[in-house]
There are 4 protein chains.
Amino acid sequence: MSSPLILFDPHPRTPEMVYDQPTADALAAMGRVVTHFGSRAPASLVDEVLPEVSVIVGQTAMPVDRLGRAPNLRAIINVKGNWEPNIAYAEAQAMGVYVLSAAPAMAPAVAEACVGFAIALARRTLAADRAFRDGTEAYGIAGNRDSYSLFGAEIGLVGFGNLGRSLVPLLQPFRPRIRVYDPWVSPGYLALHGAESATLDQVLTGSRFLFVLAGVTTENEGFLDRARLSQIPADASVVLASRAEVADFDALLELGEAGRFRLAVDVFPEEPVPADAPMRGLKNVLFSSHRAGGMWDSYARIREMMLDDIGQILAGHPPLRLQRAEPRQAAAMRSR
Amino acid sequence: MSSPLILFDPHPRTPEMVYDQPTADALAAMGRVVTHFGSRAPASLVDEVLPEVSVIVGQTAMPVDRLGRAPNLRAIINVKGNWEPNIAYAEAQAMGVYVLSAAPAMAPAVAEACVGFAIALARRTLAADRAFRDGTEAYGIAGNRDSYSLFGAEIGLVGFGNLGRSLVPLLQPFRPRIRVYDPWVSPGYLALHGAESATLDQVLTGSRFLFVLAGVTTENEGFLDRARLSQIPADASVVLASRAEVADFDALLELGEAGRFRLAVDVFPEEPVPADAPMRGLKNVLFSSHRAGGMWDSYARIREMMLDDIGQILAGHPPLRLQRAEPRQAAAMRSR
Amino acid sequence: MSSPLILFDPHPRTPEMVYDQPTADALAAMGRVVTHFGSRAPASLVDEVLPEVSVIVGQTAMPVDRLGRAPNLRAIINVKGNWEPNIAYAEAQAMGVYVLSAAPAMAPAVAEACVGFAIALARRTLAADRAFRDGTEAYGIAGNRDSYSLFGAEIGLVGFGNLGRSLVPLLQPFRPRIRVYDPWVSPGYLALHGAESATLDQVLTGSRFLFVLAGVTTENEGFLDRARLSQIPADASVVLASRAEVADFDALLELGEAGRFRLAVDVFPEEPVPADAPMRGLKNVLFSSHRAGGMWDSYARIREMMLDDIGQILAGHPPLRLQRAEPRQAAAMRSR
Amino acid sequence: MSSPLILFDPHPRTPEMVYDQPTADALAAMGRVVTHFGSRAPASLVDEVLPEVSVIVGQTAMPVDRLGRAPNLRAIINVKGNWEPNIAYAEAQAMGVYVLSAAPAMAPAVAEACVGFAIALARRTLAADRAFRDGTEAYGIAGNRDSYSLFGAEIGLVGFGNLGRSLVPLLQPFRPRIRVYDPWVSPGYLALHGAESATLDQVLTGSRFLFVLAGVTTENEGFLDRARLSQIPADASVVLASRAEVADFDALLELGEAGRFRLAVDVFPEEPVPADAPMRGLKNVLFSSHRAGGMWDSYARIREMMLDDIGQILAGHPPLRLQRAEPRQAAAMRSR
């Protein structure tokens with residue numbers, strides 16, 4: 001029996017990100033690897049491997065007809081971390097093909113960034129640094145008039161997927177109260193993860209720290225509208241770390257700039273942000289250019305999880321590290 | 001039997017910090033309280049209360065002769081958090097008087113600030129915010145070329161007292177390796193707290209994150225000299241959060257500004273820093289004006305710990321929350 | 001639109017176990033419930049509900065043809081906790097029907113029992129109790145000549161499914177080293193759960209405590225044969241808590257009785273054990289009659305998880321608490 | 001300067017317990033060691049070493065006059081784990097001599113035993129084992145009619161010293177509610193350790209599991225009298241693991257035997273228990289002959305803590321592992 005065939009078609013991921021030498025060596029030890037970088041693999045290449053391929057890594061389009069021509073296919077692994085609309089999710093599931101995403105690999109880095117943003121906002125780190133350079137700094141409690149802390153804080157999460165699950169353990173040592181609004185998860189599940197289920201009203205009106213971690217679906221786009229955002233307590237610290245589309249972004253920036261609450265944003269409705277976007281002139285918002293998740297540590301984690309699960313699958317065992325597509329949910333998520 | 005007398009002489013702590021209404025009420029329920037704010041209590045007042053006083057809160061000078069005139073004295077509680085040289089530590093211990101400090105109350109806030117500084121340095125939070133305003137930001141991995149993470153990191157602590165004990169639990173969820181240099185604590189004690197004992201060389205040369213948390217004693221002043229600081233790995237993140245005097249401060253700033261390592265400093269050799277200090281013009285150092293510990297949350301913690309332990313002591317039980325003076329160590333610490 | 005139909009056919013589970021009043025009320029609030037207790041639901045009843053049923057709770061046979069007649073079916077929930085061979089797993093998955101098991105609900109109770117057995121064996125609890133009644137007890141260290149402890153111990157797990165995942169957190173406060181042999185899970189997955197991957201040889205020869213937690217498949221029946229069991233270190237504590245068939249049961253009892261290692265067994269090749277089985281006369285083995293998992297607390301947990309996930313599924317969200325069938329694995333597991 | 005002198009006089013501890021070869025070697029590397037085993041060191045030996053001795057290990061009587069003849073003395077380390085009345089505690093403190101006890105070294109083993117007893121009682125481990133031998137066992141839920149679990153349980157602790165602090169972390173993974181009655185410790189201190197402060201009534205009437213961990217003082221002897229014991233809920237599991245004198249022992253046994261609650265006892269008013277003590281005939285009580293703490297693992301811990309702290313003290317640093325005497329409390333504790 002010949003060794004299993006792996007199609008490695010990870011564009012826009014680069015070899016540096018997902019196919020460094022140790023990874024290439026590890027994959028070569030598991031099967032025959034066909035790679036294509038720099039663009040999506042051309043149809044001719046895909047057609048050629050379909051009859052034999054066992055694992056596809058990348059965002060290769062896999063509609064019904066291609067699935068039908070891939071009798072040995074066991075897994076499709078998206079290393080970009082989202083659910084692309086170019087896969088026939090239900091049919092793949094029907095065929096027993098695992099459709100997997102590396103989204104969980106990004107979550108620790110995003111969670112770390114969230115903690116960093118939260119402390120920076122609550123402790124006024126940037127303003128204090130600026131004041132020191134200006135010679136207007138105050139020492140000790142005089143410089144901390146409006147500082148507050150994560151210890152024992154009321155914390156709200158909007159959305160509880162990979163990001164929430166990674167964030168909660170980082171917050172636990174501060175012994176906070178963590179409430180979550182997520183209509184997709186049950187109270188019992190949240191309790192197991194150390195969080196309380198709450199309504200959106202409760203989370204918005206009762207949180208000193210608010211982390212917006214919800215993905216955007218066809219149904220929740222813009223659900224944090226101006227009225228909702230106005231429920232946030234005065235001077236709370238708000239971190240937007242998932243998708244800009246879940247909020248009325250203009251209202252969010254306006255309220256943050258006006259000092260209604262403290263605000264850090266890592267994601268934008270349009271990226272790159274246009275050079276002349278007025279938000280570049282804002283004084284009170286902490287900006288990060290979609291840097292929370294996509295760091296080298298995250299790619300190392302993707303490589304590790306991918307190798308781990310390809311090993312599992314080729315040995316006939318279920319994958320354990322990457323996230324499985326829920327056909328219904330995968331279809332509802334809006335990719336960009 | 002008359003109720004115990006408590007002298008409350010906390011200057012420079014203010015009523016707002018350590019004697020808010022609930023605290024005053026709680027103390028009044030435990031004994032007769034004599035207060036003096038705005039300056040050290042005058043000798044006449046101290047002399048008047050000595051024959052009866054059970055607990056002194058503050059930095060009242062308590063040399064041998066005053067101790068001898070205080071037959072009921074059970075505790076001296078320094079709410080400033082250091083060890084003042086104006087107390088006869090050995091004689092107080094000999095008399096069975098607890099000498100206590102609120103230093104542990106400040107440690108959680110400092111530890112939180114350390115985590116915030118570390119993430120800000122490693123993730124280049126300030127530079128990325130500045131780049132966004134300048135229109136030079138890069139997105140995703142392109143904006144993270146030199147970002148790194150606490151997850152799985154090699155972390156070094158110089159000094160392991162209250163600050164170290166508060167910091168380690170906040171770092172644990174990142175599953176780092178934590179090594180500590182502290183000649184005053186044993187390897188077995190560190191192991192119990194989830195850290196490894198190491199030499200100064202090991203900590204300086206092997207840490208991606210370095211937290212300087214040592215107090216300054218008559219012996220260790222300036223021990224992090226230029227040669228020592230030059231051992232730190234290129235591009236490490238260094239946080240100075242205890243006392244500026246433990247390092248050659250000029251060398252530290254120079255190396256930080258030159259980009260040899262990333263640097264955040266919260267403490268300075270002279271505070272306030274002179275208006276014309278050249279360090280105000282540095283571009284690459286993150287400055288904080290002694291703001292890591294002294295925030296309102298810390299004063300709430302002081303009040304709680306103080307009330308808790310006064311209750312213990314007046315009930316005839318040992319204090320459990322505040323830190324006890326070690327006469328030998330208290331004498332060695334350099335107060336400012 | 002009419003409310004969803006739930007078929008509740010949980011035999012041999014009784015109403016007391018899985019359908020107490022609060023559960024009945026909760027289910028009634030979610031849909032129309034058709035129940036059958038005391039035997040498997042008759043074919044006529046099943047046929048009647050198939051056209052409408054949304055959720056089946058129980059071990060109702062669901063071969064391909066029945067699946068085909070159940071266009072609204074979203075989930076089959078086995079509240080017995082195993083994978084019955086009477087379900088067409090692959091076809092159910094192909095139709096997008098969740099096939100779920102309550103196995104995780106039993107795991108905490110089993111894990112607790114394992115800790116109890118381990119301490120009882122290592123500390124010689126039963127022998128010491130007997131000695132006291134006999135008047136032959138010895139005090140302190142004299143009575144502890146052969147006692148040992150979980151603290152810092154070398155612990156081995158054979159199998160890492162629901163039981164292993166529940167057991168490891170209970171062992172962690174003892175700061176042990178935990179090694180796992182499980183060919184179905186990857187080293188990376190084990191590391192995330194605080195355990196090390198190891199070979200069977202390593203686990204058998206290097207463990208002071210050995211927990212046998214593997215399920216029995218068509219491939220691993222009897223894999224802990226006499227030669228394997230003879231690798232276990234002298235005087236180790238061995239707990240058999242999953243399925244008797246994974247071991248050569250006679251050899252296991254013989255070695256336990258001979259004092260080669262200490263032994264607790266909760267499962268047997270034939271249950272009930274025949275009245276005249278020679279093992280009833282053994283002196284040195286701790287026996288438990290399949291009591292580790294099936295306690296009232298576990299049924300409460302089943303009810304909670306079942307209600308939680310039925311709520312999720314009827315709301316169009318994925319289940320989060322119960323275990324999903326892996327078609328390939330479900331087929332390989334030998335049910336009894 | 002000559003190396004420090006250590007007097008090692010640990011009777012009734014034996015060399016095997018506290019002076020094995022690695023310990024002897026480690027001590028020899030720290031100073032000159034004078035040892036005496038098999039009895040208390042004779043006065044002549046003590047008199048001889050007093051002028052030079054730096055550290056005394058053991059229960060050597062140290063009244064005021066001996067203290068006065070020991071100008072270099074820095075520490076007295078009791079390796080038996082209690083506070084003997086033969087030491088002038090206040091005067092030792094006045095001289096700056098650390099008086100230390102190895103009590104914390106025993107606590108982990110006692111805590112482990114407590115967990116083992118609790119599970120054995122709640123899960124009916126011994127009765128089930130007996131039933132199996134008798135051929136009267138029942139399987140699964142039928143054999144678990146009266147079993148219950150630590151998961152989510154209401155747990156009460158009477159006393160919160162070394163034992164309580166060691167027990168709580170072992171219980172935490174079961175996510176219980178832990179309430180503590182201890183008049184010597186404050187609510188704030190308990191909260192830091194994950195427990196709630198409660199009245200004795202609350203702890204006695206509200207606990208499914210009750211751990212009696214209080215030491216006996218001149219004031220609390222027999223405070224758990226028959227009336228108090230009668231407050232315990234029917235069928236609760238009660239573990240007596242500290243000192244028999246805190247309870248009306250006869251009433252305790254009587255209620256345990258009668259099945260009012262489940263009972264395990266590790267300590268007795270008189271040890272050894274007289275051969276003809278009627279309690280030997282009881283059927284329903286789990287007996288352990290003062291075996292909870294005194295196991296080899298505990299002596300290894302004593303040696304480690306002792307070496308650790310002698311190293312600290314001889315280096316001029318405060319001890320960190322052993323427990324310090326509180327003069328007032330040491331005097332109140334009743335030693336046996």
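Here is how names work: the chains are called A, B, and so on, in the same order as the sequence lines, proteins then strands, and each is numbered from 1.
Among the candidates D/Ala275, D/Pro169, D/Gly140, the residue making the largest number of heavy-atom pairs closer than 4.5 Å to chain C is D/Gly140. Highest contact tally toward chain C, considering only D/Gly152, D/Pro272, D/Gly281, is held by D/Pro272 [criterion: heavy-atom pairs under 4.5 Å]. With chain D as partner, the option from C/Pro274, C/Pro173, C/Ala142 having the largest number of non-hydrogen pairs under 4.5 angstrom is C/Pro173. Ranked by heavy-atom pairs shorter than 4.5 Å toward chain D, the options C/Ser289, C/Ala138, C/Gly143 are led by C/Ser289. Counting heavy-atom pairs closer than 4.5 Å to chain C, the top-ranked of the candidates D/Ala131, D/Ala264, D/Ala113 is D/Ala113.
Residue contact with chain D, scored on non-hydrogen atoms closer than 4.5 Å, involves the backbone and the side chain of C/Arg145 alike. Contact of C/Ala111 with chain D is not made at all, since no heavy-atom distance falls under 4.5 Å. Heavy atoms closer than 4.5 Å to chain C are found in both the backbone and the side chain of D/Ala128. Neither the backbone nor the side chain of D/Ala277 has a heavy atom closer than 4.5 Å to any heavy atom of chain C. For D/Val273, the parts sitting under 4.5 Å from any heavy atom of chain C are the backbone and the side chain alike.
Between the side chain of C/Arg321 and the main chain of C/Asp308, no donor-acceptor pair closer than 3.5 Å is present. No donor-acceptor pair closer than 3.5 Å links the side chain of D/Asn78 to the backbone N or O of D/Ser101. Checking side-chain atoms of D/Arg40 against main-chain N and O of D/Gln59 turns up a donor-acceptor pair under 3.5 Å. Between the side chain of C/Tyr19 and the main chain of C/Pro10, no donor-acceptor pair closer than 3.5 Å is present. Judged by distance alone, with hydrogens and angles left aside, the side-chain atoms of C/Arg303 form a donor-acceptor pair with the main-chain N or O of C/Met17 at under 3.5 Å. Remark: side-chain polar atoms of C/Ser288 are not paired, donor with acceptor, to backbone N or O of C/Asp266 under 3.5 angstrom. The closest donor-acceptor contact from the side chain of D/Asp134 to the backbone of D/Thr136 lies at 3.5 Å or more, if one exists at all.
Taking the side chain as every heavy atom from C-beta outward, D/His193 and D/Leu190 never approach each other to under 4.5 Å. Residues C/Leu170 and D/Phe174 are in side-chain contact: their nearest non-hydrogen atoms beyond the backbone lie under 4.5 Å apart. Looking only at side-chain heavy atoms (C-beta outward), C/Thr125 and D/Leu286 come within less than 4.5 Å of each other.
A salt bridge does not link D/Glu154 with D/Arg208: every distance from a Lys NZ or Arg NE/NH1/NH2 to an Asp or Glu carboxylate oxygen is 4.0 Å or more. Salt-bridge check for C/Glu137 with D/Arg280: passed, with a basic side-chain N closer than 4.0 Å to an acidic carboxylate O.
In this structure, the ring of D/Phe132 has its center less than 6.0 angstrom from the ring center of C/Phe268.
Among residues 115-123 of chain D, the residues having any heavy atom closer than 4.5 Å to a heavy atom of chain C are, in sequence order, D/Val115, D/Gly116, D/Phe117, D/Ile119, D/Arg123. By a heavy-atom distance cut of under 4.5 Å, D/Arg291, D/Ala292, D/Gly293, D/Gly294, D/Met295, D/Trp296, D/Asp297, D/Tyr299 are the residues of residues 291-300 of chain D near chain C, going up by number.
The minimum heavy-atom distance linking D/Asp235 with D/Tyr148 is given by the pair O-OH, 2.6 Å.
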